[in-house]
Amino acid sequence: MNSFGILRAAVGVRGTAMPMWYCLRGLSNFACLRFRGVGALLLLAVLSTAATDAVASNGGDPAGADMVVIYKQERMLHLLRAGERIRSYRIALGREPRGHKVREGDSRTPEGAYIIDWRNPDSRFHLSLHISYPGRRDLLRAAWLGVTPGGQIMIHGLPNGRDADAVGHPARDWTDGCIAVTNREIEEIWQLVADETPVYIFP
């Protein structure tokens, strides 16, 4: 893909060149780099290209996603493949959606760079993919504050035996900090997203 194609694909994720925080896994101390405009968009495309190779080597679906990008304020989850958006979903978040998760029970959804590290086909919600929160920075922050960071942050479907209307999905943020989609959507995400896929969660 040429540089114009990379930029076009990246713009298609959000539609505008907004400031972004990229907390990159694998860098010392989880270095957080701030990029604006074109720099942010190009970085997203580069990360997606690298993730394509990583997911393929992990046995992921060659036609599936190599990156998950979540925008909390917009309540959107995007699946990317080689810089191209292949799916988008409206989501519900934790009951306290603003801000990064800090402690157990705060009902916040984390922000930062994680991976899908395991999945549960027998979840009390209709399928669930685990996000690797808490990471090292999260553990250090919690220790400094003297709190428990919490965990069990998932991308999941609706509660078993309940429909979208029963929980107010997606108009109401109803989870304990997880990212929720419909049952049909989580079934599709389950098929398209392999373990070890990077997940980037933005405010």
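Throughout, numbering of the chain's residues begins at 1 and tracks the sequence.
- One distance of note links CZ of R81 with CZ of R87; it measures 12.5 Å at 0.5 Å rounding.
- There is a path of hydrophobic side-chain contacts, each under 4.5 Å, that joins I189 to I91.
- Interatomic distance, CD of E185 versus NE2 of H156, reported as 13.0 Å (0.5 Å rounding).
- Under the 4.5 Å side-chain heavy-atom criterion for ILVMFWY residues, a single connected hydrophobic cluster contains both L77 and L129.
- Between H78 and Y71, the ring planes lie perpendicular to each other; the angle is over 60°, past the 30° to 60° tilted range.
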| query | Given I116 and I131, is the side-chain contact (heavy atoms from CB on, under 4.5 Å) satisfied, shown in steps? | reply | CA-CA 5 Å; I116 298 297; I131 293 172; 4.1 Å; yes
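- Within the 3.5 Å criterion, the main-chain N or O of L158 finds a donor-acceptor partner in the side chain of N183.
- Taking every heavy atom of both residues into account, P134 and L139 meet most closely at CG-CD2, 3.7 Å.
- Tracing side-chain contacts under 4.5 Å through hydrophobic residues (I, L, V, M, F, W, Y), one never reaches M76 starting from V181; they form parts of separate clusters.
- Among residues two or more places apart in sequence or in another chain, the side-chain hydrogen bond (donor to acceptor under 3.5 Å, both in side chains) test is passed with H130 by D117, W118.
- To the nearest 0.5 Å, atoms CD1 (I70) and CD1 (I179) are separated by 4.0 Å.
- Rounding to the nearest 0.5 angstrom, the gap separating the CD1 atom in I115 from the CD atom in E196 is 4.0 Å.
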Pairs under 3.5 angstrom only: tabulate donor-acceptor contacts from the side chains of residues 170-177 to other protein residues two or more places apart or in another chain.
unit_1	atom_1	unit_2	atom_2	d
R172	NE	V167	O	3.2
R172	NH2	V167	O	2.8
D173	OD1	R75	NE	3.2
D173	OD1	L93	N	2.8
D173	OD2	R75	NE	3.2
D173	OD2	R75	NH2	2.7
W174	NE1	H169	ND1	3.2
T175	OG1	L93	O	3.1
T175	OG1	G94	N	3.2
T175	OG1	G177	N	3.0
T175	OG1	C178	N	2.9
T175	OG1	C178	O	2.8
D176	OD1	R95	NH1	3.3
D176	OD1	R95	NH2	2.3

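- A donor-acceptor contact shorter than 3.5 Å is absent between the side chain of Y200 and the backbone of M67.
- The CG atom of L127 lies 8.5 Å from the CG atom of N120; values are rounded to the nearest 0.5 Å.
- No side-chain heavy atom of V147 sits under 4.5 Å from any side-chain heavy atom of E104.
- If you chain together hydrophobic residues whose side chains sit under 4.5 Å apart, L145 and Y133 never meet in one group.
- A distance-only check finds no donor-acceptor pair linking the side chain of S132 to the backbone of Y114 [under 3.5 Å].
- A65 approaches V193 most closely through the heavy-atom pair CB-CG2, 4.2 Å.
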| Do V102 and R108 pass the side-chain contact (heavy atoms from CB on, under 4.5 Å) test, and can you show the C-alpha distance, the side-chain angles, and the key distance before you say yes or no? | CA-CA 8 Å; V102 174; R108 291 180 176 176; 4.2 Å; yes
| query | Do L79 and Y89 pass the side-chain contact (heavy atoms from CB on, under 4.5 Å) test, and can you show the C-alpha distance, the side-chain angles, and the key distance before you say yes or no? | reply | CA-CA 9 Å; L79 302 186; Y89 308 95; 3.9 Å; yes
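- Of all non-hydrogen atoms in F202 and V69, the two that sit nearest each other are CE1-CG1, 3.7 Å.
- Put simply, the residue from R98, E111, H100, K72 that forms a side chain to side chain contact (heavy atoms under 4.5 Å, CB included) with P203 is E111.
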| query | For D106 and K101, what are the C-alpha separation, side-chain angles and deciding distance, and is it a side-chain contact (heavy atoms from CB on, under 4.5 Å)? | reply | CA-CA 7 Å; D106 63 10; K101 186 171 183 63; 2.9 Å; yes
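- Rounded to the nearest 0.5 angstrom, R119 CZ and I155 CD1 are separated by 10.0 Å.
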